[in-house]
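Each chain gets a letter, A, B and so on, in the order its sequence line appears, and its residues count up from 1.
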2 protein chains.
Amino acid sequence: MQTDAPTRGRGRPPEGVREAILATTLELIAEQGLARLTTRAIARHANVSEASIYYHFADKPALIEGVILDAVLRPLREFAASFPARAAGKSVRDALLDYGLALESFWTRVLPVLSAVQADAELRERFQERINELGLGPHRGVNAISTYLGERQRAGAVRGDVDTRTAAMSFASACFLSAYQRHMLGARTRRKLPSLSSVIGALADLVAVD
Amino acid sequence: MQTDAPTRGRGRPPEGVREAILATTLELIAEQGLARLTTRAIARHANVSEASIYYHFADKPALIEGVILDAVLRPLREFAASFPARAAGKSVRDALLDYGLALESFWTRVLPVLSAVQADAELRERFQERINELGLGPHRGVNAISTYLGERQRAGAVRGDVDTRTAAMSFASACFLSAYQRHMLGARTRRKLPSLSSVIGALADLVAVD
DNA sequence: GTCTATACTTTGATAGAC
DNA sequence: GTCTATCAAAGTATAGAC
């Protein structure tokens with residue numbers, strides 16, 4: 001029952017089709033997971049035909065893999081780039097708080113995609129290869145914060161007897177668990193873990209020079 | 001081309017069919033994920049007909065849900081039951097090490113299933129409901145270890161100025177991150193995080209009275 | 001309670017007009 | 001570059017014999 005546009009789509013500019021497919025696919029993966037994701041659903045939600053999907057992507061796995069990798073690498077780059085700025089001119093405690101909350105929200109963005117990867121053996125294998133090639137993984141975050149703590153330690157702001165690598169691991173993993181709980185049990189669930197802020201605060205008290 | 005058993009199966013006792021279906025389904029979910037799991041594959045690997053699946057289970061979602069829930073609750077019960085025994089007569093350090101490694105391997109068992117849950121929106125919703133009803137979640141582990149540390153603190157084996165809840169959170173989350181990295185990047189991947197033992201050891205040094 | 005055979009539905013992917 | 005229409009394959013689920 002379209003009254004005025006018999007020849008072209010219902011408002012989507014033709015050149016946005018590829019981007020619409022990518023964005024919609026990511027959205028659907030995050031919302032409903034990979035198990036029942038169909039090309040038909042992607043096409044409908046993106047206001048596009050299924051054929052267009054196969055014009056832009058070789059097949060369904062190629063589309064998924066592209067979306068997944070991008071959905072991990074993009075937030076990662078943004079986050080990594082923001083790190084130096086976060087610490088600048090702050091106390092150790094404030095820097096850790098700021099960094100920790102950012103780390104938690106990074107994981108909150110990425111976890112739905114990581115879970116989707118685990119749902120398909122082929123995808124998982126390719127993803128692991130790619131991540132290993134790039135040398136990525138949680139150790140990156142641990143190393144970054146460990147380096148930061150080391151610097152502050154030499155500057156006398158962190159207690160000399162603290163093992164910065166262990167402290168960094170505790171810190172990073174608390175952020176991760178916090179994000180994972182929300183991911184697994186849903187945002188509406190009442191949080192029964194100590195708040196991330198309080199845990200980071202307590203860790204800061206342990207490592208920082210008073 | 002069966003030469004000797006025209007009427008009955010190739011060795012599976014008829015009464016084991018239901019169990020075989022359950023075990024095989026879990027195995028396949030852990031191995032290849034939920035996205036491409038078919039009733040045909042389950043039947044083949046379990047050496048059973050597809051029809052038998054539908055005799056024992058209402059439909060595919062019902063089968064999956066049963067398997068999933070069992071695969072989380074069973075290890076959880078076993079693990080929870082083993083906890084008191086782990087701490088008995090040990091130093092704080094040894095108890096934490098023992099508990100931590102057990103916690104890591106608990107997560108290693110359960111994570112593949114939790115990831116599968118995230119791959120299907122309907123499954124995720126039912127799972128979250130059930131978990132919330134039962135009051136489960138990572139906070140259980142944190143509470144248990146926090147209680148343990150509190151007792152040892154009153155006994156003088158843990159430093160009085162330690163916040164046991166924060167320490168427990170750090171401890172539990174390190175175990176979780178350790179397991180998650182292996183889950184996500186594969187067991188063969190060279191571990192680039194500090195070993196869990198070393199992190200737990202360092203945490204124990206921080207909280208235990210020398 | 002389990003099987004074989006099959007009905008029905010959905011899915012990924014392609015052909016061809018515009 | 002995008003669409004409509006269509007196909008072959010794969011998927012879930014059922015019927016009926018034993």
Side-chain angles (χ1 to χ4, degrees), chain A residues 1-25 28-29 32-68 116 119-123, chain B residues 1-25 28-29 32-68 116 119-123:
Chain A
M1 279 304 184
Q2 294 161 257
T3 53
D4 61 333
T7 56
R8 206 73 79 63
R10 282 141 302 195
R12 175 172 312 289
E15 69 274 12
V17 170
R18 189 195 162 93
E19 285 65 32
I21 293 169
L22 287 166
T24 302
T25 303
L28 289 177
I29 288 176
Q32 31 156 280
L34 198 59
R36 304 194 201 185
L37 181 66
T38 66
T39 51
R40 174 172 308 201
I42 295 170
R44 253 210 295 268
H45 282 82
N47 229 331
V48 147
S49 77
E50 284 192 78
S52 288
I53 295 177
Y54 289 95
Y55 175 80
H56 288 286
F57 302 92
D59 53 13
K60 197 191 172 195
L63 165 62
I64 304 293
E65 196 186 349
V67 169
I68 293 280
D120 183 282
E122 201 180 307
L123 190 59
Chain B
M1 274 303 193
Q2 294 160 260
T3 53
D4 62 333
T7 55
R8 206 75 76 66
R10 281 142 303 197
R12 175 173 312 289
E15 69 274 12
V17 169
R18 189 194 161 93
E19 285 66 31
I21 293 170
L22 287 168
T24 302
T25 303
L28 289 177
I29 287 175
Q32 28 157 281
L34 196 60
R36 304 196 200 185
L37 182 65
T38 66
T39 51
R40 175 173 305 199
I42 295 170
R44 253 210 296 268
H45 282 82
N47 229 332
V48 149
S49 76
E50 284 192 76
S52 288
I53 295 177
Y54 290 95
Y55 175 79
H56 288 285
F57 302 91
D59 52 15
K60 197 191 171 195
L63 165 61
I64 304 293
E65 195 185 349
V67 169
I68 293 279
D120 184 282
E122 200 179 307
L123 190 58

Contact list for residues 51-61 of chain B, test side chain to side chain donor-acceptor pair (under 3.5 Å), sequence neighbours left out: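 Side chain to side chain donor-acceptor pair (under 3.5 Å) check on residues 51-61 of chain B returns B:Ser49-B:Ser52.
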
Compare all side-chain heavy atoms of B:Thr25 with those of B:Ile53 and state whether any distance is below 4.5 angstrom.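 In short, these two side chains do not touch, never coming nearer than 4.5 Å.
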
Tell me the interatomic distance from [X], atom [atom1], to [N], atom [atom2], rounded to whole angstroms.
X: A:Glu50; N: C:dA15; atom1: CD; atom2: P; result: 15 Å
X: B:Tyr54; N: C:dT4; atom1: OH; atom2: P; result: 16 Å
X: A:Leu34; N: C:dT11; atom1: CG; atom2: P; result: 14 Å
X: B:Tyr55; N: C:dT4; atom1: OH; atom2: C1'; result: 18 Å
X: B:Leu28; N: D:dG11; atom1: CG; atom2: P; result: 13 Å
X: A:Ile53; N: C:dT11; atom1: CD1; atom2: C1'; result: 12 Å
X: B:His56; N: C:dC3; atom1: NE2; atom2: C1'; result: 12 Å
X: A:Ile21; N: C:dA13; atom1: CD1; atom2: C1'; result: 14 Å

So, using salt bridge (charged side-chain N to carboxylate O under 4.0 Å, His left out) as the criterion, who are the partners of A:Arg36 when residues are at least two apart?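 Partners of A:Arg36 by the salt bridge (charged side-chain N to carboxylate O under 4.0 Å, His left out) criterion, ordered by chain and then number, come out as B:Asp120, B:Glu122.
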
Which nucleotide in the list [options] gets nearest to the side chain of [X]?
X: B:Arg40; options: D:dT12, D:dT14, C:dG12; result: D:dT12
X: B:Ala51; options: C:dC3, D:dA13, C:dA13; result: C:dC3
X: B:Ser52; options: C:dC3, C:dT11, D:dC3; result: C:dC3

Checking all strands, does [X] fall into the base, sugar-phosphate, or nothing category for heavy-atom contacts under 4.0 angstrom?
X: A:Ile42; answer: nothing
X: B:Ser49; answer: base
X: B:Leu63; answer: nothing

Walk me through it: do B:Thr24 and B:Asn47 pass the test side chain to side chain contact (heavy atoms under 4.5 Å, CB included)? CA-CA 10 Å; B:Thr24 302; B:Asn47 229 332; over 6 Å; no

From CA spacing to verdict: side chain to side chain contact (heavy atoms under 4.5 Å, CB included), B:Leu37, B:Ile64: CA-CA 10 Å; B:Leu37 182 65; B:Ile64 304 293; 3.8 Å; yes

Let me know, please, whether A:Ala58 or A:Arg36 comes out on the 5' side of the other along DNA chain C by nearest nucleotide.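 Its nucleotide being nearer the 5' end, the pick is A:Arg36.
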
